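Note sheet for the following structure.
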Amino acid sequence: MEKVLIQNLKNFENQEVSISGWLTNKRSGKGLEFLIIRDGSGFTQCIVDETKVNEKVFQLAKELSQESSLKLKGKVVKDERQIGGYEIQVQSLEIIHISNSFPITNKPHGVEFLMDNRHLWLRSKRQWAIMRIRNRIIFAIHNFFQNEGFVQMDAPVFTGNAVEGTTTLFETTFYEEKAYLTQSGQLYGEAMAMAMGRIYTFGPTFRAEKSKTRRHLSEFWMIEPEMAFFNNDMNMDLIENFIKYILKDVKEHCTQEFEVIERDTTSFDKIVNERFPRLTYDYAVKILTGKEKVDGKTTIETLEGDYNEVMHEIEDKLKQVQEAENEMKQSIKAGKKNFLQNKVDTLKNEIKDLEDKKRVIPEWINSAKTFEYGSDLGGSDETVLTRMFDLPLMVYNWPHEVKAFYMKRDEKDPRLAKGVDVLAPEGYGEIVGGGERETNEDLLIEKINEHQLPMKAFEWYLDLRRYGSVPHAGFGLGLERMVAWVCKLKHIRETIPFPRMYGRLFP
RNA sequence: UCUCGCUUAGCUCAGUUGGUUAGAGCAUCUGACUGUUAAUCAGAGGGUCCAAGGUUCAAGUCCUUGAGCGAGAGCCA
């Protein structure tokens, strides 16, 4: 008898197989036990029929609790109604371990409880799907760069110098010296690009920002390609192709996972096929502040429309709650009552979310209206801008003051730096930041002084401009932000197995 | 760091203008039910109402301070 993975059951129709896994849920009837088993590769229903197995096997099936581990043998039968399209008619069963009162039940839980139990939460279906999508995105990233002739490199995690100022560094000690955990591998990537031509880093980065928002982690994974003989236009072309490649690949290979998390991926088609809008910072600011329209509407008008829509939705949902609660007051069966109670609970949660939105939209409108030319785009400004398009936006040619010291100044307009930010649609904001690097040693030195960075720590970096300096460019992609957008998650904490964020070091 | 909100059973939540013995669903345990899709039905056990202080004849409910969590802002990928 063959030992198989659940994902391969379709190849064993009407055959006897053996599977090993965990019980994720159970329903029982007289003489029947319906076991939902997961083995990491997928989920399937296994039926234990009292009339078809010996008494001992049926007794074992009755003893199984949620998350108990087991081995079973049975026949694979096609059944369209079941998850995966197949079920197993059990012949024999062996318990490996009985799990005692698994804390995460098949009912809603709060964020804090789930995060405290992250090590167990990862077993749930939704987390399973997200982790597999994350895996596929990682695989696609490597494929893309390897196909384009890039060499993967590992940048150091301990660093002696800060890349973007010292406020957000985790400080540690390296023997007797003060050291920091890296916040970007880029400078090392530049050195490697001068050796290999095209490289990409794929590693962890650390930022000690005390921010508790839906798009921040203290430890996150960043992909940073760096290309010799590239200008910023070539850089933007590469970014665009890169994002398109990932979306296409993940859509093709993760259909089942997207179904589990109920992510509609039809919006990817447009993104894969159309050119991303490229806006200069100047033009983006005009749109943001309402001086330019997109599809005949200003940002302010669009947001006011959103606000009214939210108000209507809240009213509508309140009405539905009232109706359900009235119905519950009449004497009805407990099953129906239970159903209505669940409906009311989900509606109330949705209303809570909508009320948050209602509170925030006026703040966004205000932020857009009062935006000052020359400053960096804030989180709310990004959301407002991306709200106007259903494609990723590329904003380039930034005021040089708001960008990092290594960014190349525009020869035609010295007020500008040749940086580019990519803003993901659906409110996900900045997922990529990059640009062309400054090649002129004198300008770099000037910038390092301006940013009050220790020159000594950058001597090696300046060497790159002394020995065969060439135009080069690169960018950084935040893996978790990409996963959050692809999966359309509310919060970045679900995109990584064990998130490290302000206030969260365990488990 | 700032603004707003939350903290009641293992979990998710009700708890009215302060008023007798704090409730429901799920989970757990016992039983019923021949195909269930978060199965259903009957029953049982399960509480330091976040902490400290205050107001009051009386506080889960009101006030003050603190802690933790959540949603934003700032900063960023």
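Computed over heavy atoms, backbone and side chain alike; hydrogens, waters and symmetry mates excluded. Chain letters run A, B, ... following the sequence lines, proteins first, then strands; residues in each count from 1. Being a predicted model, the structure only gives us computed values, none of them experimental.
Partners of A:R136 according to the side-chain hydrogen bond (donor to acceptor under 3.5 Å, both in side chains) rule, which considers only residues two or more places apart in sequence or in another chain, are A:D249, A:H253. The side-chain hydrogen bond (donor to acceptor under 3.5 Å, both in side chains) check on A:N241 picks up nothing, with sequence neighbours excluded. Judged as a side-chain hydrogen bond (donor to acceptor under 3.5 Å, both in side chains), and not counting sequence neighbours, the contacts of A:E224 are A:S184. By the ring-ring contact (aromatic ring centres under 6.0 Å, His included) test, A:H119 is found to be paired with no residue, residues two or more places apart in sequence or in another chain being considered.
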Canonical and wobble pairing (Watson-Crick, G-U, under 3.5 Å) of RNA chain B, dot-bracket with |: (((((((..((((.....[...)))).(((((.......))))).....(((((..]....))))))))))))....

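Stacking of A:F220 onto the six-membered ring of B:A77 is present: less than 5.5 angstrom between centres, less than 30° between planes.
A heavy-atom distance below 4.0 Å to RNA chain B is reached by these residues of residues 42-63 of chain A, ordered by number: A:Q45, A:I47.
Counting only residues at least two apart or in different chains, salt bridge (Lys or Arg N to Asp or Glu O under 4.0 Å) contacts with residues 368-384 of chain A are absent. Judged as a ring pair (Phe, Tyr, Trp, His ring centres under 6.0 Å), the pairs with a partner in residues 353-385 of chain A (not counting sequence neighbours) are, in order, A:Y281-A:Y373. Residue pairs meeting the salt bridge (Lys or Arg N to Asp or Glu O under 4.0 Å) criterion with at least one partner in residues 492-507 of chain A, sequence neighbours excluded, are A:D116-A:R504, A:R126-A:E494.
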Collect all protein-nucleotide pairs involving nucleotides 27-29 of chain B in which both atoms are nitrogen or oxygen and the distance is under 3.5 Å.
none

Nucleotides 1-8 of chain B: which of its N/O atoms have a protein N/O under 3.5 Å away?
unit_1	atom_1	unit_2	atom_2	d
B:U1	O4	A:K210	O	3.4

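When heavy atoms are screened at a 4.0 angstrom cut-off, A:W485 is found touching no nucleic acid atom at all. Using a 4.0 Å heavy-atom distance criterion, A:D376 is classed as a sugar-phosphate-only contact. Using a 4.0 Å heavy-atom cutoff across all strands shown, A:F34 reaches at least one base atom of the nucleic acid.
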Indicate every side-chain donor-acceptor pair of residues 59-66 of chain A with a distance under 3.5 Å to a residue at least two apart or in another chain.
unit_1	atom_1	unit_2	atom_2	d
A:S65	OG	A:S68	OG	2.9
A:S65	OG	A:S99	O	2.4
A:Q66	NE2	A:I104	O	3.0

